[in-house]
Novice: 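Take a look at the following structure, please.
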Amino acid sequence: MIRVEDIQKHFGALHVLRGITFDVQKAEAIVIIGPSGSGKSTLLRCINLLVEPDSGKVFIDGVHVNRHGIRHEWVRQQVGMVFQSFNLFTHLTAIENVTLGLTRVKGIPHDQAIEKARKLLARVGLAAKENAYPAELSGGQQQRVAIARALAMDPKAMLFDEPTSALDPEYIREVLDVMAALAREGMTMIVVTHEMGFASNVASRILFMDAGKIIEEGTAEDIFQNPKEDRTRSFVSKILR
Amino acid sequence: METAAAFPLRAPPKLVTRLTIVHLVEMILGGILMVFVVLPSIFRFSLVSASFWQIYGRFYVTGLFGTFFYVALTLPLSVVLGFLMGWARVSRIRVFSWPASLYVNVFRGLPPLILVIFASLFGTNLVPQPIMDRFLSGFRRGDIAVGLAAIAIAMHSSAYQAEIFRAGFQSVPKGQQEAAQALGLRPWQGMMHVILPQTFRLSLPPLGNEFAVLIKDTSILAAISGTELVAKSRDLLGILPASGFPIVWIFAVWTVVALTYFVLTYSVTRGLRLLERKFHTPGLESISL
Amino acid sequence: MTNWRKFLRDRWRYFDAALALAVIIGSLVYIYDLLVGSRGLDVAYITRNYPLYLHAVFTNVYATTIAFVVGMALGFSVGWLRTARTVSVAKFAASMRVEKRERQEAPSGSEVTRRLLVVLSLLWYGTKYVVRRIGDGFVEIIRGTPLYVQILFASSFFIVFLPQYASEGILIGIIALAINTGGYQAEIFRAGLQTVHSGQVEAARAIGFSRLKAMRYVILPQALRLIIPPLTNEYIGLFKASTFLFVLGVQSEISYIAQHEGFAGDVFEIFAIVTVIFLAITVTLSFVVQALERRFRIPGLGIEQVKLPRGVRIARVGG
């Protein structure tokens, strides 16, 4: 479904990604963990080309997307993205946030877009809040609207960039529930998160990244119970303590 | 699961609150007290004297129309220029941002009076000859000079507006454009539908103040014999003593002029504040006072 | 990726900067050519006469400075008056109603003292209200009318009532400028004083500061940080406004221009000098403002200063 081959990325003198290669099968949920600054967010942004990799190839559904002739906008419709800081459009209500991409990118008529957006908002449990502005919603509700907004584009895969780390503890649950439901329904997902409970329950595989490289990959049991690498072990011991 | 009924969560903000009405009433009462009681008793004039308005009326109307004309000329021009310059200043492309920042610093750094005098003396040299011949040949040279001076005022104001718009642009978080692009919107679509609406909302209140300043600045045109309110009122002073009015009636003239500008600027700032309240979005109210 | 795309991507910053400089220099040269053209710049005139103009600008600087200091006293007083706490008529009436009901339910104390208290508090709030509204009115009038009109008003005042001083253009000018800047500074001081959160006083009192010490160590340091950059901006604005002294017949740079208006000879040179001097002063000062802002910025103080909407130079963000 998603394939990443030997991706390199520099920001000026900083070598952020040092040759990342991995595969994601259809309906898999991959969780990426790792210390901050290890390049996880940049990796996600390389997949939907918000950041263009310096070298290496990104394939989505078999299509090599980071080459000349492929429109970035098309790529971004294929993979939805959810941000750490929600990034809901402040001047639009919840439902307008969801319909904006439908009407402006997909060219769907307004009525149908509204209908679809209502269904999606209901799916994330926010049907009653469709006319609320982002500032009037709690963090958890905002993040769920952001998920609905990404789902509206009918993406083939979803990228989650630390979706719960900006949330108050009491709102984390509701967002994770929505994500787990998505995974159960067979959505292909790549999730960067520090929620180890989510990782062990939902992830089909876990990648551990450090200093721009994938150090280790395996099932939740492999990584959490008997990690092979020292760096993995020390990181896991810190967060599972 | 919650129902899918569409209902507004909160009543839309009231456009006119009781407080604004109280303030307005206070303002009007205070103004009437000042203009019809306090000042007349100090300076011994009366603003309801028919013989005064008989002489001043024509000057006043001509001057007021002149002021309106210059405001109508400068205001739209300054907004367009200011917006473009503000946009250019936040651009990452230096071909846009550097000249824009030079423009802003020069026009903000020079006093409008100097700009006006400069424009009236040299402005015609800066207008390309074809435009002079094609569009301006029917005008008198003096009128062209004043018109160019008005444009100089618009440019002065546009430098300030550029800074307002720049602040507006900069207070829209980077994540907004990123999120727009992650949805598959093109950069220009993100600009149109996500960044610009927020910028405008953030810029409205300070723009109101700036418009008020611009209206007041058109009075500078009186220094180079533009036909507007201050100039016409000054003209009147020459014939006032000859018409049998004591010299303190000068203050009647200045009171009327001041009151007129006050009403103009006040209605503009309040009008824009109403507009802002109409477009009010929770979470989008940062740069305002 | 093809080679030239890579080249453009890597070298774009330099290319862009070079292009930007070319645009700037090109348009400046173009404008210079339109204005001066084949006549050539009269360098001799500039080298001979620039001290004259420096002196004229010095007149502006000292008029501005005196007016600014006087205006600061005025502005602080008015601004402070405007922070007076008042109660709206409706709220006052409501509290009276509550008081009346309580009195009917549980009568206590004598009726006379109660009435007296009501009258006194009415007087107290009424006086505060009127004083505050007078301050508001002063600021609104200054901000709502053009400086030009204010100066003409002042000069008329001198002509009519103090004719012996009517020829002292610089005196009239300084007075008018001081009153003008007083109105604007009042707004700055009011905003500065009001924006320091009242919770700060509470916190300071809670750790044992006296009221005076809380002012000295908590309120003032915060208020000053907020006030200094907009005050500097106000100084720049006032300096620019001081060109209006010319209207009053003060020998300033513009009056030299006005004298030359008859013959176009060296007028451009005069403008060149004046422009350079003015830009040097205002641009330097505005860099000072930016430096001050950076120097004084405290993350999370809760106030962002919106630099340049003239008229209102402080803005509050959030709470």
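Side chains included, hydrogens not; waters and symmetry mates left out as well; all remaining heavy atoms used. Labels below follow one simple rule: chain letters A, B, ... track the order of the sequence lines, proteins then strands, and each chain is numbered from 1. In this text, all values refer to a predicted model and were calculated from it rather than measured experimentally.
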Novice: With rounding to the nearest 0.5 angstrom, report the CZ to CG distance, A:F89 to B:L183.
Specialist: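 These two atoms lie 5.0 Å from each other.
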
Novice: For B:P187 and A:E73, which heavy atoms make the closest approach, and how far apart are they?
Specialist: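 Looking at all heavy atoms of both residues, the shortest contact is CD-OE2, 3.5 Å.
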
Novice: Quick one: what part of A:R149 sits under 4.5 Å from any heavy atom of chain B, side chain, backbone, both or neither?
Specialist: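 Contact with chain B: backbone and side chain both.
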
Novice: Quick check on B:F69: does its CZ atom have over 12 non-hydrogen neighbours (other residues, nucleotides or ligands) under 6.0 Å away?
Specialist: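 No, CZ of B:F69 has 12 or fewer neighbouring heavy atoms, counting only those of other groups under 6.0 Å.
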
Novice: Is the count of non-hydrogen atoms from other residues, nucleotides or ligands lying under 6.0 Å from A:F11 atom CZ greater than 12?
Specialist: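 Yes - once you tally the heavy atoms of other residues, nucleotides and ligands closer than 6.0 Å, there are more than 12.
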
Novice: For each of A:L88, A:N48, A:L92, tally heavy-atom pairs with chain B at distances under 4.5 Å, and name the one with the top tally.
Specialist: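 Between A:L88, A:N48, A:L92, the count favours A:L88.
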
Novice: Within a radius of less than 6.0 Å around NZ of A:K106, do more than 12 heavy atoms belonging to other residues, nucleotides or ligands occur?
Specialist: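 Counting neighbours around NZ of A:K106, more than 12 heavy atoms of other residues, nucleotides or ligands fall under 6.0 Å, so yes.
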
Novice: What part of A:F83 lies closer than 4.5 angstrom to a heavy atom of chain B: side chain, backbone, both or neither?
Specialist: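 Only the side chain of A:F83 comes within 4.5 Å of chain B.
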
Novice: Which one, A:V79, A:N87, A:V75, leads in non-hydrogen pairs under 4.5 Å with chain B?
Specialist: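 The candidate making the most pairs under 4.5 Å is A:N87.
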
Novice: Restricting to non-hydrogen atoms, name the atom on A:L100 and the atom on B:L185 that form the minimum distance, rounded to 0.1 Å.
Specialist: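 Of all heavy-atom pairs spanning A:L100 and B:L185, the closest is CD2-CD2, 4.1 Å.
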
Novice: Counting heavy atoms not belonging to B:Y103, are there more than 12 under 6.0 Å from its OH?
Specialist: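 Enclosed.
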
Novice: Relative to chain A, which segment of B:Q176 carries a heavy atom at a distance below 4.5 Å: side chain, backbone, both, or neither?
Specialist: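 Backbone plus side chain of B:Q176, per the 4.5 Å heavy-atom cut-off to chain A.
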
Novice: Does the side chain of A:R76 come within less than 4.5 Å of B:Q181's, by heavy atoms?
Specialist: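 Yes, side chains in contact.
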
Novice: Any sub-3.5 Å donor-acceptor pair from B:E178's side-chain atoms to A:L50's backbone N or O?
Specialist: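 No, because the side chain of B:E178 does not come within donor-acceptor range (under 3.5 Å) of the backbone of A:L50.
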
Novice: When you compare the side chain of A:H72 with that of B:R186, does any pair of heavy atoms fall below 4.5 Å?
Specialist: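 The answer is no; the side chains never approach within 4.5 Å.
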
Novice: Taking the side chain from A:H91 and the backbone from B:H193, do they hold a donor-acceptor pair closer than 3.5 Å?
Specialist: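 Between the backbone of B:H193 and the side chain of A:H91 there is a qualifying donor-acceptor contact (under 3.5 Å).
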
